[in-house]
Structures are given as C-alpha cells and as structure tokens.
Amino acid sequence: VSSLLTRCRTFKVLVIGDSGVGKTCLTHRLCAGEFPRQVEATIGVDFRDRSLEIEGEKIKLQLWDTAGQERFRKSMVQHYYRNVHTVLFVFDVTCPVSFNGLTAWIEECRQNSLGHEIPRFLIGNKSDLRDPNRTDKQVSQERAMSFAKAHGMVFFETSAKSPPKKHTNRCQGDREVLYQQ
Ligand code: GDP
Ligand code: MG
C-alpha cells in the first residue's frame, strides 16, 4: 500500500507549434528554471521532465518538445499523440504567421487523437517582445482569446525569457491566465 501512496503520477505533455516559436526554450525554462543561453533546432523530439507537488501529491510532467519541421514528423507523429494527457499549442505573439499555422496543428491533433478528448492549451509565447507601437505586427490578446474559446482551449501568454514576476503566487512565474473555460 505504501508504494502505491508514494507512486508518482506521470503526465505526458505534448508541445507543438511552428518552428521558432520557442517550444524548446519554454520547456527548458519549465524544467531547468532558466532561459537557455544557446538553443539548437530540435530534431524529432526532445524529452524533459518536471516534478511538481500538487496538494501533497507528487506529479511528473514528461514534456515532449517536438520539431516543427514537417520532414521530421511523418514517421513520429503517431508516437507523439499516443497516451498523451495534454497538448500545448504554441505560437509567437510577434509572428502572426505562427498563429495562422495553428489550424494545421489542431488538425494534426484531431487526426491523431482518435476521438479522445485531450485538454488543450493555447500558449502565446515571447510576450516580452510585445511592442505597443507595433500592434499591427502582433497577435492581440483578444484575437488569441477568441481563438482559444472557439477551440475549447485555455489561453496563457508566456515568456520563456523574462524573469518570473515575484508578486504572483496564483500563477507560477510569468504566466497569466487570460482565458479560462
Ligand atoms: P522552437 O523551434 O519552437 O523550439 O523555438 P526555440 O525554443 O528554438 O526558440 C527560437 C528562438 O526564439 C530562439 O532564438 C530563442 O532564443 C527565441 N525565444 C524563445 N522563446 C523566447 C521568448 O519567450 N522571448 C524571446 N525574446 N525570445 C524567445
Ligand atoms: Mg525546438
């Protein structure tokens, strides 16, 4: 019984989105607590673990940091979605092309999740690069929120780079809940 009580539950978290949106930096930040000094393009998939304790229960997140490039995906994609617990759809708030690219990622998820309802999150990364004078070149929070709502997702805006805010305890680090179902 005691081994059952101390058992650590593992959740598989799939991180997807266009190349360059910051998937590797985000997962590195989550698991190593820092923005990586140097980051190389992901080939196939990288795995990182993050241990948490929620209400006294030990939890392990196993993050699957995938490569955005089509050529790496074909043979791997079914493995990505097998037994997945949650999917993070990442875009870059300063790159509308990466936001438009989400539709294809959502379709990939739909095709490979075989009708399972997987909790999904929309992540607008690089919030530190938001420039109030260049709103035409950015994806607004309103747009991202309505997209999240339309697709039954929870939206967070993140920065893998900016230091965590000290005053927040409800949201860890630099994340803010902008839209929640
Ligand atoms: P991936 O292809 O989605 O894995 O993207 P990477 O994690 O490799 O990041 C691509 C580039 O964006 C790198 O040059 C990172 O330094 C940069 N980057 C990633 N996240 C952030 C962020 O939150 N803020 C800023 N300013 N740059 C970021
Ligand atoms: Mg990467």
Side-chain angles (χ1 to χ4, degrees), residues 12-50 61-81 84 86-109 112 118 120-141 143-145 147-148 151 153-168 171-179:
K12 176 176 171 182
V13 181
L14 183 60
V15 185
I16 59 179
D18 282 4
S19 289
V21 297
K23 301 180 294 298
T24 297
C25 290
L26 265 180
T27 55
H28 189 278
R29 172 79 186 262
L30 253 169
C31 298
E34 57 172 23
F35 185 69
R37 249 167 260 129
Q38 215 183 344
V39 53
E40 284 172 19
T42 312
I43 295 173
V45 60
D46 284 332
F47 305 99
R48 289 183 198 86
D49 286 345
R50 164 79 193 255
L61 301 180
Q62 185 184 71
L63 289 127
W64 287 51
D65 168 27
T66 66
Q69 295 95 328
E70 181 72 17
R71 67 197 160 101
F72 295 130
R73 297 189 78 83
K74 287 208 175 89
S75 57
M76 293 292 290
V77 76
Q78 284 172 333
H79 299 286
Y80 293 170
Y81 290 93
V84 71
T86 188
V87 182
L88 310 185
F89 291 93
V90 187
F91 70 98
D92 172 350
V93 297
T94 67
C95 176
V97 171
S98 72
F99 184 73
N100 297 335
L102 292 167
T103 317
W105 298 118
I106 290 168
E107 180 57 17
E108 181 192 89
C109 177
N112 289 281
I118 306 168
R120 299 175 307 170
F121 293 84
L122 180 65
I123 309 292
N125 190 42
K126 306 196 190 181
S127 63
D128 58 294
L129 296 181
R130 271 204 185 282
D131 178 350
N133 302 315
R134 300 289 300 274
T135 50
D136 55 321
K137 298 270 187 279
Q138 298 167 30
V139 180
S140 71
Q141 293 185 344
R143 206 173 148 205
M145 273 188 261
F147 185 89
H151 290 87
M153 297 180 187
V154 177
F155 174 52
F156 288 89
E157 196 158 283
T158 62
S159 166
K161 195 169 191 177
S162 66
K165 287 177 193 159
K166 290 204 175 65
H167 60 273
T168 48
C171 318
Q172 279 185 3
D174 46 12
R175 293 176 304 161
E176 283 178 73
V177 181
L178 293 169
Y179 169 74

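Counting starts at 1 for both ligands and their atoms, in listed order. Basis for what follows: all heavy atoms, side chains included, without hydrogens, waters or symmetry-related copies. Computed from a predicted structure; not experimentally measured.
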Using distance alone, determine whether [X] and ligand 1 share an N or O pair under 3.5 Å.
X    : answer
D128 : yes
G22  : yes
F35  : no
C25  : yes
S19  : no

*Is N125 touching ligand 1 with its side chain, its backbone, both, or neither, if touching means heavy atoms under 4.0 Å apart?*
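The answer is the side chain.
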
*Of the side chain and backbone of T24, name the one, both, or neither that has a heavy atom under 4.0 Å from an atom of ligand 1.*
both

*Taking all non-hydrogen atoms of both residues, which atom of C109 and which atom of V87 are closest, and how far apart?*
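Between these two residues, the closest heavy atoms are SG-CG2, 4.3 Å.
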
*Heavy atoms only: give me the nearest I123-F155 pair and the separation to one decimal.*
C-CE1, 4.5 Å

Got a donor-acceptor contact below 3.5 angstrom from the [X] side chain to the [Y] backbone?
X    : Y    : answer
R120 : I106 : no
T66  : V15  : yes
S98  : D92  : yes
K12  : Y80  : yes
R29  : S162 : yes

Show me which atoms of ligand 1 lie under 4.0 Å from any heavy atom of [X].
X    : answer
S159 : 23 (O)
L129 : 26 (N)
A160 : 20 (N), 22 (C), 23 (O)
V21  : 3 (O), 5 (O)

*Run through V84, L30, T27, L63 and flag the one making a side-chain contact (heavy atoms from CB on, under 4.5 Å) with V13.*
L63

*Any protein heavy atom lying closer than 4.0 Å to atom 23 (O) of ligand 1?*
yes

_If you take the nearest heavy atom of each of K126, E40, R130, K23, which one is closest to atom 21 (C) of ligand 1?_
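That would be K126.
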
*All ring pair (Phe, Tyr, Trp, His ring centres under 6.0 Å) counterparts of H79, not counting sequence neighbours*: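 H79: no ring pair (Phe, Tyr, Trp, His ring centres under 6.0 Å) contacts found.
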
_Angle between ring planes, F156 versus F121, binned at 30° and 60°: parallel, tilted or perpendicular?_
tilted

*Identify the protein heavy atom lying closest to atom 14 (O) of ligand 1, giving its residue, its atom name and the separation to 0.1 Å.*
V39 CG1, 4.7 Å

_Which residue and atom name correspond to the protein heavy atom nearest atom 10 (C) of ligand 1, and how close is it?_
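Going atom by atom, the protein heavy atom closest to atom 10 (C) of ligand 1 ends up being G20 O, 3.5 Å.
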
*asked:* So for atom CD, which belongs to E40, do other residues, nucleotides or ligands contribute more than 12 heavy atoms lying within a distance under 6.0 Å?
replied: no

*Counting only heavy atoms not in E34, do more than 12 sit closer than 6.0 Å to its CD atom?*
yes

_At less than 2.8 Å, how many protein N/O/S atoms surround the Mg ion (ligand 2)? Leave waters out._
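Every protein N, O or S atom under 2.8 Å from the Mg ion (ligand 2) counted, the figure is 2.
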
_Among K23, H28, R48, which residue satisfies the side chain to side chain donor-acceptor pair (under 3.5 Å) criterion with D65?_
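It is R48, the one option of K23, H28, R48 that forms the side chain to side chain donor-acceptor pair (under 3.5 Å) with D65.
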
